[in-house]
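Have a look at the structure below before the remarks.
Please read all numbers here as calculations on a predicted model, not as lab measurements. Below, read A as the first sequence line, B as the second, and so on, with proteins coming before strands; counting in each chain starts at 1.
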Number of protein chains: 2
Amino acid sequence: MTSKMRSHYCGELSKNEVNQSVTLSGWVHRRRDLGGLIFLQVRDRSGLIQVVIDPDFKELFATAEQLRNEFVIQVKGQVRARPEEMVNSNMTTGEIEVLAQELTILNKAQPPAIPIDENLEASEEQRLKYRYLDLRRPEMAQNLIFRHKVTSAMRRYMDEHGFIDVETPILTKATPEGARDYLVPSRVHKGSFYALPQSPQLFKQLLMMSGFDRYYQIVKCFRDEDLRADRQPEFTQLDIETSFLDQEEVMELMEGLIRHLFKELKNIELPTFPRMSYAEAMERYGSDKPDLRTDMELVTVDELVKDVEFKVFAGPANDEQSRVAALRVPGGAQLSRKQIDEYTNYVGIYGAKGLAWMKVNGQGAENLQSPILKFLGDEKAMTIVEKVGAQEGDIIFFGSDNKRVVADAMGALRLKVAADLELIRDEWKPLWVVDFPMFEEIDGEIHALHHPFTAPKENDAAAVKANPTETLSKAYDMVLNGSEVGGGSIRIHNQDMQETVFDILGIDETEQKEKFGFLLDALKFGCPPHGGLAFGLDRLVMLMVGADSIRDVIAFPKTTTASCPLTQAPSIVEEKQLDELGIQVKKKEQ
Amino acid sequence: MTSKMRSHYCGELSKNEVNQSVTLSGWVHRRRDLGGLIFLQVRDRSGLIQVVIDPDFKELFATAEQLRNEFVIQVKGQVRARPEEMVNSNMTTGEIEVLAQELTILNKAQPPAIPIDENLEASEEQRLKYRYLDLRRPEMAQNLIFRHKVTSAMRRYMDEHGFIDVETPILTKATPEGARDYLVPSRVHKGSFYALPQSPQLFKQLLMMSGFDRYYQIVKCFRDEDLRADRQPEFTQLDIETSFLDQEEVMELMEGLIRHLFKELKNIELPTFPRMSYAEAMERYGSDKPDLRTDMELVTVDELVKDVEFKVFAGPANDEQSRVAALRVPGGAQLSRKQIDEYTNYVGIYGAKGLAWMKVNGQGAENLQSPILKFLGDEKAMTIVEKVGAQEGDIIFFGSDNKRVVADAMGALRLKVAADLELIRDEWKPLWVVDFPMFEEIDGEIHALHHPFTAPKENDAAAVKANPTETLSKAYDMVLNGSEVGGGSIRIHNQDMQETVFDILGIDETEQKEKFGFLLDALKFGCPPHGGLAFGLDRLVMLMVGADSIRDVIAFPKTTTASCPLTQAPSIVEEKQLDELGIQVKKKEQ
C-alpha cells in the first residue's frame with residue numbers, strides 16, 4: 001500500500017515506527033501554534049497523527065505558517081515518542097508524533113462550509129449538500145469503511161458456500177412487490193417504459209430454473225414510495241436464492257452468515273437464533289419483528305375479563321377476532337398522569353380508542369390505583385396483577401380491541417415505554433419468525449402476506465384453495481433487535497400451486513399471463529424446488545455500527561423528498577430530450 | 001456444500017468416489033434405453049454424470065421409464081467405474097457412472113422450447129425469450145460462473161490493495177460523458193427527472209475529495225445509444241479511483257490486476273504491458289487500440305511519393321494534415337480482383353475514396369502488378385516495396401487521404417485482412433496507450449478526447465490555453481487484443497485548470513455552474529491529486545472466455561433494440577402511473 005507520496009497511513013503509525021522516516025499525505029485537520037512550534041493534526045481515511053514543525057527548519061516553518069484547515073499536504077518526517085506528559089490517550093496515535101522535515105502544500109482549501117469534526121453542527125440539508133466534506137468526518141468515513149468490510153465478508157462467506165454472483169437487469173419490467181415502480185421511458189419503443197426493479201425476485205427464480213443452484217447478488221433495488229426517515233428510493237439488498245435446500249437448511253446457512261459477520265467484524269458470538277411463530281410473536285409482542293432486548297410482554301387476559309361488567313373489556317374478550325392484552329411495565333408506577341395521557345395519544349395513532357391502566361403502588365387491592373378498578377372489582381384486578389406478575393412499583397397497561405389494533409397499539413407502546421424508561425438492554429437479540437399465514441384478509445379482500453411466489457406449508461393445492469386464510473407459508477424473517485434485517489421463503493415450484501395462489505389473490509388469467517407469463521411458462525420446463533431470501537444491507541450496517549439513520553451508512557443518500565442537495569437531482573431536462581423519448585410533462589391544471 | 005438432497009455435484013464426481021453412496025439432484029439431460037437398461041445423463045451446474053437404472057429394481061425402473069429430458073430428479077446410488085470399453089473420454093466424469101438405488105421425480109418438464117446442448121440451433125430471439133433454458137446449456141452456465149470468478153478475484157485484489165467498495169447512486173443527475181441519458185421522471189418533483197449514470201465519474205472524484213483515497217465499485221452504467229452488436233443499454237464497469245498516486249503508479253497497480261486475473265483464472269502469465277503513445281498507435285496501426293496479434297503495420301511513405309506525378313499520392317504526401325500509408329499483407333498476392341474490390345468497398349465505409357494496391361509476384365519491378373504502377377514508375381515502386389519489406393507473394397495496400405481517414409480506413413482494413421487471411425496469432429497481446437491529446441478539433445470545434453476532468457501533462461493553465469490542440473493528457477487506455485478493456489486518467493485537482501479546460505471546450509460559466517457546479521465547489525475545499533480508471537467488465541470477461549458476443553456473458557441481456565424478449569420490457573404502463581408522474585406520452589403526429 002506504500003507509494004511515492006505515502007509510506008504510511010496516519011492512523012496506522014504506532015510506537016513501532018519510532019525513529020523511522022515516514023511520508024504522509026493528507027489533510028490539515030487542526031493547526032495550533034504553541035510555544036513557537038506549529039502543531040498539526042494531519043488526517044487521512046485511517047485517522048489522525050500529530051505533526052510538529054520546528055522553527056529551526058526555516059523554509060519548512062514558513063510553509064507551515066500558510067497552512068489552514070483542510071489544506072492538502074505531504075509531510076516527510078521522523079516518528080518520535082511524545083514526552084510522557086504530552087501523551088494524548090484520546091488519540092489512537094497519541095503516544096507518538098512526527099517531526100516534519102519536508103512539507104509540501106498539494107492543494108489549498110477555503111474554510112470548510114460545514115465543520116469537520118465529531119459535533120454535528122450542520123443541518124441534514126447542509127451535510128448532504130457538502131457531502132464530500134461531511135464524509136471527511138472520521139465517524140462517517142469509518143461507517144463506510146465498515147460497510148465495505150461487511151460486504152467483503154458477506155461475499156467471502158457466499159463464495160465459500162458455493163454461491164455464484166449473477167447480475168440481473170436494472171432496466172426491466174414491473175415487478176410484483178406491489179410498491180410503486182420508478183419508470184424509464186424508452187426512446188426506441190416510444191410510449192413504452194422500463195421499470196427499475198423493486199427486487200430481482202423473478203430473475204433469481206429464473207436463475208434457479210436455469211440450474212445455477214446457489215445465487216447471490218448485492219444489488220440496488222428501487223421503490224417510489226413516500227419516504228420515512230429510514231427509507232431511501234434506492235436501497236441495497238444482499239439477495240439470495242438456492243435450489244434443492246429445504247427451509248431449515250436455508251435458515252441455517254443464513255444464520256451462519258450473520259453470525260460470521262458479527263464474529264469477524266465485531267468479535268461478537270451471537271447466540272443460536274430462536275425460532276418463533278408469527279402467531280406467538282403477535283400474541284406476546286404485538287409485532288412480527290419483536291425486539292427481545294426488553295422482557296415486557298403482552299399477556300392475553302380474555303379468560304379473566306370475559307364476564308366483567310366493563311364492556312370495553314368484556315366485548316373484545318368474548319369475540320374471537322378481538323382480545324384484551326395486558327402489558328406490565330416494571331417501575332412504571334412512577335409515570336405521571338401527563339405521561340400516561342401522552343401514551344394514550346400515542347396508541348391512538350395505531351387505532352386504539354383509549355388506554356386503560358392500573359398502578360401497583362403496594363401489596364393488596366387497596367394499593368391498586370386505576371380508573372377502571374371500579375368496573376373490574378378488586379378481586380378481578382388482583383387476578384390480573386397475579387397473572388402478569390406485577391410487583392410493587394409497576395404499571396399495567398391494557399389494550400382491548402380487535403387483534404390487529406391491539407397488536408399494533410400495544411406492540412408500539414411496549415417499545416416506546418421500554419425506550420422511555422430505559423428498559424432496553426444493550427445486547428444483540430436475533431431471532432427467526434416463521435409460520436406466517438399465506439394470506440391475510442383486509443376489508444374482505446385477500447392479500448399475500450409475503451409475495452405470491454411464496455410456497456404454502458400445505459402441498460395440496462386443493463386444500464390451500466379450500467381454506468386460504470388458515471394456510472401457513474414457508475416464509476421466514478430474520479429479526480435483530482426489533483428490526484427485520486432479512487426475509488424470504490421457499491417458493492412455489494409447481495405450476496398448479498402457482499395458479500391456485502394467483503386465483504386466490506384474484507389475479508385473473510389475463511393478468512397472470514401479462515405480468516408473470518414468463519414465470520408460469522418457466523415453471524413448465526423443469527423447475528427445481530427452490531427458496532431464498534434478501535437482507536436489507538443499509539439497515540444491517542446501520543444496526544452494526546449503531547448509526548441513527550441509514551443515511552449515515554450510505555455515501556450519497558437522498559432526502560425525504562427523494563432529492564439530492566449535492567447534485568440537485570432530480571432536475572429539469574431539455575425539451576429536446578423529452579421529444580426524443582416521445583413524452584411531455586403535463587401542464588399543471590388551472 | 002452438501003445438503004440433504006445432494007451429497008455431490010454431478011460434474012465433480014471422479015474415480016475417488018467409486019463405491020461411495022451419493023445423492024444427486026439435477027436435470028435429465030439425456031435418456032437412452034439400451035440393452036434393457038436405462039442410461040441417464042444427469043446435469044447440474046457443474047456438469048454431467050451417467051446414471052444407470054437396472055430393471056432388477058422394479059419400482060425404480062418404472063419411475064425411470066416416465067423420465068423425459070429436463071425432468072428434475074433426485075438420485076441416490078453408488079458410484080462405480082465404467083468397464084474400460086465404456087469409458088467416455090469426452091466427459092470429465094466419463095470413467096465412472098452411478099448405479100441408481102433410489103429415484104425421485106421432483107418436477108416434470110415439457111419438452112424444452114429450445115434445444116439444451118452445445119449446438120446453437122435456436123435464434124438469438126428465441127434464446128433470449130427462453131433465457132432460463134438457454135442458460136442451462138453448459139457453455140452458458142460456465143460463462144457466468146467464470147464471470148463470477150473474475151469479479152471475485154477482482155474484489156480480492158482490490159481489497160488486498162486497500163481499496164474500499166463504495167456504492168454511488170443510480171438515481172442521479174445527468175453525467176458529463178456526453179452520450180444520451182436514460183431519464184426517470186420524479187413523482188415528488190413533477191416535471192423533474194433523474195438520470196441513470198453513464199458512469200460514477202463525478203461521485204468517485206467526490207469520494208477522493210472526501211479522503212477515501214482508494215475506491216472501487218463493480219457498478220452498472222447506462223447509455224441510451226443505438227446499439228451495436230457488442231453494446232448494451234446497461235453495462236458493468238469495474239470503476240476505480242485513487243488519490244496521491246501518479247500515472248505510473250496507477251498503471252502498475254491496474255496492470256497488476258489484469259495479470260493477476262489471467263494468472264489466477266487462466267494460469268496465463270501475461271507479459272509486461274508495453275507502452276505506446278497515441279501518436280505511434282495511430283501512425284503504425286491506424287487505431288488507438290491496436291491489435292498486436294498481427295505484425296502488419298501501416299508505413300508512411302510520404303517522403304517516397306512527394307514528387308510523383310500521381311496526384312492521389314503526391315497531394316496528401318505534401319499536406320501536413322494528410323498522409324500516404326502502405327500496408328504490406330504477407331501472402332496477399334493470392335487475393336482475387338473480386339476480393340480486392342470488396343476491400344475497396346470496405347474502406348469506403350471509413351471514408352476512403354479508393355484503395356490502391358500493388359502485388360509482388362516475384363523479384364524485380366517486372367513482377368510487380370498494380371493499376372498505379374504506370375503513375376509511380378518502376379523505380380519508385382521498388383523503393384516502396386523495399387521500404388515496407390514486401391516479399392514475393394505479398395500485396396501492398398495504400399491509403400492516401402487526411403490522417404483521420406487513412407487511420408480509420410487502413411486500420412480497419414488491417415484487421416479485416418488479418419482475420420480473412422488468418423494472420424492473427426492465438427496469443428494475448430496487452431498494451432497501454434498513453435500520451436493522448438487533451439483535445440481534438442472536429443469541424444472547427446474543440447472536443448475533449450477523454451472527459452473534461454482529465455489532467456493535461458502541462459501543469460500551467462495559461463500554457464494549455466495558449467495551445468490546446470498540442471497539449472497531451474495524462475490519460476491511459478489498456479488495450480487487449482485490439483479491444484479497449486480499460487481507460488482512465490489523472491484528473492484535474494486544481495480549480496483554475498478545471499475552469500480553463502471548460503473554457504477551451506466552450507462550456508460557459510452558466511453551464512459550468514449548472515452541470516458541474518458542485519464539482520467546481522468541491523475543488524475549492526481541499527482536493528487531493530487523484531486519478532483512476534474503469535474496466536469494461538462485460539468485454540473483459542467476453543475476451544477471457546473467448547465468447548463472440550457480450551450477450552454470452554450477461555445473464556439477461558437486451559436485444560439490439562434494447563428490449564427483453566423474456567419479460568417483454570419495455571412495455572406499456574397504465575395511464576394512472578403516468579398521471580402520478582405528471583407526464584404523458586406524445587401522440588404520434590398525423
message = When you compare the side chain of A:Lys586 with that of B:Lys190, does any pair of heavy atoms fall below 4.5 Å?
response = no

query = Given side chains that start at C-beta, do those of A:Leu171 and B:Leu196 come closer than 4.5 Å, heavy atoms only?
reply = yes

message = Which heavy atom of B:Trp27 sits nearest to which heavy atom of A:Gly526, and what is that distance?
response = NE1-O, 2.9 Å

query = Using non-hydrogen atoms only, which part of A:Tyr216 is less than 4.5 Å away from chain B: side chain, backbone, both, or neither?
reply = side chain

ask   = Of all heavy-atom pairs between B:Ile164 and A:His148, which one has the smallest distance, and what is that distance?
value = CG2-CB, 3.7 Å

ask   = B:Phe212 and A:Arg45: which non-hydrogen atoms are nearest, and at how many Å?
value = O-NH1, 2.9 Å

inquiry  = In the structure I gave you, are the side-chain heavy atoms of B:Ser563 and A:His189 within less than 4.5 Å of one another anywhere?
reply    = yes

Min side-chain heavy-atom separation A:Met209-B:Asn107 under 4.5 Å = no

Side-chain touch A:Gln568/B:Glu514, heavy atoms, less than 4.5 angstrom = no

request  = Let me know if A:Val184 has heavy atoms under 4.5 Å from chain B in its side chain, its backbone, both or neither.
outcome  = both

remark   = Heavy-atom closest pair (B:Met5 atom, A:Pro529 atom, distance to 0.1 Å) is CE-CG, 4.3 Å

query = Is the shortest heavy-atom distance from the side chain of B:Thr567 to the side chain of A:Tyr194 under 4.5 Å?
reply = no

query = With a 4.5 angstrom heavy-atom cut-off, which part of B:Leu537 approaches chain A: side chain, backbone, both or neither?
reply = side chain

task = Would you mind telling me which of A:Ser210, A:Ala569, A:Ala562, A:Ala109 has the largest number of heavy-atom pairs within less than 4.5 Å of chain B?
result = A:Ser210

query = Is chain A contacted by the side chain of B:Leu253, its backbone, both, or neither, given a heavy-atom distance below 4.5 Å?
reply = neither

remark   = Closest non-hydrogen contact found for B:Thr236 with A:Glu167 is OG1-OE1, 2.7 Å

ask   = Looking only at heavy atoms, what is the nearest atom pair of B:Asp213 and A:Arg6, with distance?
value = OD2-NH1, 2.6 Å

